[in-house]
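One structure below.
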Protein chains: 2
Amino acid sequence: MKRKELKGWNGCPVRYAAGIFADKWCFVILRDVLLHGKRYYGEFQSSEEGISSNILAARLTHLEAEGMLTRHTDRRKKSRVFYLPTAKARALLPAFLEMMVWSTVHDSNTEAPPSFAAAFRDDPKGTVAWYEAEIDRVNATLT
Amino acid sequence: MKRKELKGWNGCPVRYAAGIFADKWCFVILRDVLLHGKRYYGEFQSSEEGISSNILAARLTHLEAEGMLTRHTDRRKKSRVFYLPTAKARALLPAFLEMMVWSTVHDSNTEAPPSFAAAFRDDPKGTVAWYEAEIDRVNATLT
DNA sequence: AATATTCACTTGCAAAATAAAAGTGAAAGG
DNA sequence: CCTTTCACTTTTATTTTGCAAGTGAATATT
C-alpha cells in the first residue's frame, strides 16, 4: 500500500456515503430498520427521537430512491405500508456496528451493554451474522 | 448473545454518533483530517465540495466542542490556525474505512482503487495502522 | 349500511439552518 | 507604510425543518 494510492482518490467514497445517509434522521431510520426490527411507517414515527411526519416521509423516499429500502403494502391490510432494508442497506451493518463500538467507548452515558463491544471485537463477522439473521427473521413475518 | 441484549438499549449509540458527525460537512471535514492530511482552515475550505466559510467555521467549532478536534495557532505564524484530530476522532477510522469499503462496492462511479477494499478486507488492523501512521507523520510536521 | 377509526402520508406556516458574497481585523511580508 | 494573507464574521436571500392540522383510502364498529 503505497503513498500513491492514498493520493489518487479525492474523497469520493466518503462523499458518496455522506450523500446517502449522513443525516441524523437517516441514521435513526437505518438503526431502526437494521437493528430494531422496525418496518412500518408508524413504527419509525414512534421512535423516541420523535421525527416529524413530513421529514420521515421525505427520508423514506430518499432512502428508497438511493436503493436502501423497498416499499411494500401489507397484503392483508392494504392501508399498512412497510419498508424492507435492501442488501445495500444491510451491507452497512459492519460500518454501523463499528460506529456503535466507537460510541460505547466515547459516550460516558452509553446505554449499550459492555458485552456488545466485547462481542463485536471478539467475533465481528459472527456479530454481523447475528444481526443479519434477526433481519431475516423479522422479514419472514411480513412476506 | 441473546435476544434480550438487542432489546435492552433503545438506539443510543447510533444517536450519539449521529449527534456528533451525521452531517455531510462533518463527514467531509473528518475525511480531510483523518484521510487527506488536511489541518489548516484554508485547506478544509478548498476541498472540492466547496463548503461555505460560515458553515465551515460552525462545524469546526462543533467538532472541537465534541472533542473531535483541537485548535492550535501556528507558532511561527500566528495568523495561521490548524486543527488536529483527537484520539476520539482517530478512533473513528475503522468505522470510516468500513463505510468506504461499502461505498466502493455500491457506487458504480467510485474513484477508490479496487486495491483499497481488498487491502482492508485482507488486513483491517494493518490498514487502520497505516492511516494512523500517516496522521502522526502529518502531525509531526506541525508540532 | 352508516359511522368511526386507523394509517400513511400532505399541507401550511413560522422558525431555524444554509449558501453565497462581501467584509473585518490581526499579523506578516515587502 | 502599504499590501497581502488568513481565519473567521456579517449580511441577506433561499432552503430546510418542525409543528399542527389536515386528507383520503381502507378497515373496524355499531
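Chain letters run A, B, ... following the sequence lines, proteins first and then strands; every chain starts at 1.
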Acceptor/donor pairs from residues 50-57 of chain B side chains to any protein atom, 3.5 angstrom cut, sequence neighbours excluded:
{"residue": "Ser53(B)", "atom": "OG", "partner": "Tyr41(B)", "partner atom": "OH", "Å": "3.1"}
{"residue": "Ser53(B)", "atom": "OG", "partner": "Gln45(B)", "partner atom": "OE1", "Å": "3.3"}

* Can you tell me the distance, in whole Å, between the CG atom of Asp74(B) and the P atom of dC8(D)? => 13 Å
* Measure the shortest side-chain to side-chain distance between Thr104(B) and Pro114(B) over non-hydrogen atoms and say whether it is less than 4.5 angstrom. => no
* Output yes when a side-chain donor or acceptor of Glu43(A) lies under 3.5 Å from a complementary backbone atom of Tyr40(A), and no otherwise. => yes
* Structure fact -> Interatomic distance, CZ@Phe120(A) vs OG@Ser115(A), rounded to 0.5 Å, equals 14.0 Å
* From CA spacing to verdict: salt bridge (Lys or Arg N to Asp or Glu O under 4.0 Å), Arg80(A), Asp74(A) -> CA-CA 5 Å; Arg80(A) 294 205 86 194; Asp74(A) 192 302; 5.5 Å; no
* Asked: Side chain of Glu64(B), backbone of Thr61(B): donor and acceptor closer than 3.5 Å?
  -> no
* Asked: Are Tyr131(A) and Phe96(A) close enough that their ring centres sit under 6.0 Å apart?
  -> no
* **Any pair counted as salt bridge (Lys or Arg N to Asp or Glu O under 4.0 Å), so long as it reaches residues 114-125 of chain B, sequence neighbours left out** => none
* Structure fact -> In numerical order, the residues of residues 50-70 of chain A whose heavy atoms come under 4.0 Å of DNA chain C are Ser53(A), Asn54(A)
* **Atom pair distance, as rounded to whole Å: OH in Tyr40(B) and P in dT5(D)** => 17 Å
* Is the distance between the ring centroids of Trp102(A) and Phe21(B) less than 6.0 Å? -> yes
* Structure fact -> 5'-most contact on DNA chain D (nearest-nucleotide basis), Asp23(A) vs Arg75(A), goes to Asp23(A)
* When the C1' atoms of the five terminal pairs at each end define the local axes, what inter-axis angle does the helix from dA1(C)-dT30(D) to dG30(C)-dC1(D) show, to 10 degrees? -> 10°
* **Rounded distance (Å) that lies between atom C1' of dA26(D) and atom CZ of Phe82(A)** => 16 Å
* Asked: What does Phe44(A) touch in the nucleic acid at a heavy-atom separation under 4.0 angstrom: a base, only the sugar-phosphate, or nothing?
  -> nothing
* Asked: Any side-chain N or O of Trp25(A) under 4.0 Å from OP1/OP2 of dT17(D)?
  -> no
* Asked: Any idea which heavy atoms bring Met99(B) and Phe27(B) closest together, and the distance?
  -> CE-CE2, 3.4 Å
* May I have the distance from Lys77(A) (atom NZ) to dA25(D) (atom C1'), rounded to whole angstrom? => 12 Å
* Earlier contact from the 5' end, DNA chain C, for Lys78(B) and Val81(A) -> Val81(A)
* Outermost nucleotides of DNA chain C that come under 4.0 Å of a non-hydrogen atom of chain A -> dC7(C) to dG12(C)
* For residues 81-93 of chain B, which residue pairs qualify under side chain to side chain donor-acceptor pair (under 3.5 Å), counting only residues two or more places apart or in two chains? -> Tyr16(B)-Lys88(B), Arg90(B)-Glu132(B), Arg90(B)-Asp136(B)
